[in-house]
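Sequence positions, counted from 1, serve as the residue numbers for this chain.
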Amino acid sequence: MDTRQTRNGAEVAAAPLTAVSARNISKTYGEVEALRNLTLEFPHGQLTSLLGPSGCGKTTLLKIIAGLLEPTSGEVEVNGRPVTGPGPDRAFVFQDFALLPWANVLRNVAFGLELRGVGVSEREGIAEKYIRNVGLAGFEKSYPHELSGGMRQRVGLARALAVDSEVLLMDEPFSAVDEQTRRKFQEDLLDLVAEENKTFLFVTHSIEEAVYVSDQIAILLPRPSRVSEIIRPKGLRNKDVADIRRDPEYLDIVDQIWASLRNYVE
């Protein structure tokens with residue numbers, strides 16, 4: 001963590017740098033106004049969850065940041081550089097895995113590097129590293145149809161990590177797996193955030209999941225969406241992952257968020 005010195009020479013933690021800035025973002029589809037003047041900053045090296053009711057624009061905002069959609073107005077910057085389309089500084093982990101059905105695990109994970117012109121030996125070495133990191137060692141030659149949903153999602157995550165992008169955008173990546181697998185993924189994600197020094201943008205519908213994995217939670221209101229509240233569960237980040245859900249702060253924040261969202265649930 002970055003530090004700064006006070007006048008008496010003591011070191012204190014400095015505020016994290018901003019990796020992604022979304023400023024005055026609006027998005028209109030025909031007569032439907034999805035986002036209205038939404039402004040949000042995403043700190044470097046941290047995980048920010050976008051949380052809110054269905055249809056509130058979470059995925060739309062994520063795709064605008066990814067450069068997959070163009071905002072009607074407003075601007076996005078990644079590390080001070082304007083976003084004008086997809087770029088190597090951002091990697092997207094899709095909800096539906098988006099794997100190549102004809103390619104084995106190794107080829108799928110290395111595919112982004114292949115597109116960038118990285119040589120076979122180098123890209124396969126990098127891919128093998130991240131296959132191990134996500135717990136799929138031994139499945140390098142398996143094909144997507146031979147894997148469980150949880151394993152396919154791990155392949156998608158390994159592919160995003162392999163290209164070494166500065167920002168990982170994750171659109172409800174755990175929604176298609178069972179509860180036990182989802183909890184394991186959440187624990188693994190906390191480890192990745194700590195180890196990779198990347199910025200994670202994470203869309204979820206689950207209040208409990210957002211509080212468990214996040215450094216920052218942005219609560220979005222129904223469309224036209226804007227940020228209602230920013231919550232930073234600071235006291236939970238130094239807890240052992242097994243203890244977070246039993247911590248009174250965790251339970252209080254879950255209740256606080258539910259109280260904020262209750263009136264918007266149909």
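Not a single donor-acceptor pair under 3.5 Å links the side chain of Ser49 to the backbone N or O of Val203. Without hydrogens or angle criteria, Arg152 side chain to Leu147 main chain gives a donor-acceptor distance under 3.5 Å. Between the side chain of Ser225 and the main chain of Leu220, no donor-acceptor pair closer than 3.5 Å is present. Of the possible donor and acceptor atoms, none in the side chain of Glu122 sits under 3.5 Å from a partner among the backbone N and O of Gly119. A side-chain donor-acceptor contact under 3.5 Å links Gln153 to the backbone of Pro173.
Under the 4.5 Å side-chain heavy-atom criterion for Ile, Leu, Val, Met, Phe, Trp and Tyr, Tyr29 and Leu38 are members of the same hydrophobic cluster. Tracing side-chain contacts under 4.5 Å through hydrophobic residues (I, L, V, M, F, W, Y), one never reaches Val134 starting from Phe111; they form parts of separate clusters.
Ionic pairing of Asp171 and Lys58 is not present here: no N-O contact between side-chain nitrogen and carboxylate oxygen is shorter than 4.0 angstrom. Ion pair Arg183/Glu187 not flagged as a salt bridge, since none of the NZ, NE, NH1 or NH2 atoms sits closer than 4.0 Å to an Asp/Glu carboxylate oxygen. Between Arg245 and Glu208 there is no salt bridge, since no side-chain nitrogen of the basic residue lies less than 4.0 Å from a carboxylate oxygen of the acidic one.
In this structure, Arg90 places its CZ atom where more than 12 heavy-atom neighbours from other residues, nucleotides or ligands lie under 6.0 Å away. Crowding of Glu229 atom CD: a count of heavy atoms from other residues, nucleotides or ligands under 6.0 Å exceeding 12.
Atom CZ of Arg36 sits about 16.0 Å away from atom NZ of Lys27, to the nearest 0.5 Å.
A side-chain hydrogen bond (donor to acceptor under 3.5 Å, both in side chains) with Gln216 is found for exactly one of Glu41, Arg232, Lys234, namely Arg232.
The shortest heavy-atom contact between Ile131 and Ala158 is N-CB, 4.4 Å. Nearest heavy atom pair, residue Asn37 against residue Ser26, reads N-OG, 2.9 Å. Of all heavy-atom pairs spanning Pro88 and Ser165, the tightest one is O-OG, 2.8 Å. Between Thr72 and Thr28, the closest heavy-atom pair is OG1-N, 2.9 Å.
Stacking of Lys198 on the aromatic ring of Phe200 is not recorded, the 6.0 Å distance cut-off and the 45° axial limit not both being met.
For the pair Ser73 and Asn24, the minimum side-chain heavy-atom distance is 4.5 Å or more. Annotation: side chain of Met170 is in contact with side chain of Leu189 (closest heavy-atom distance under 4.5 Å).
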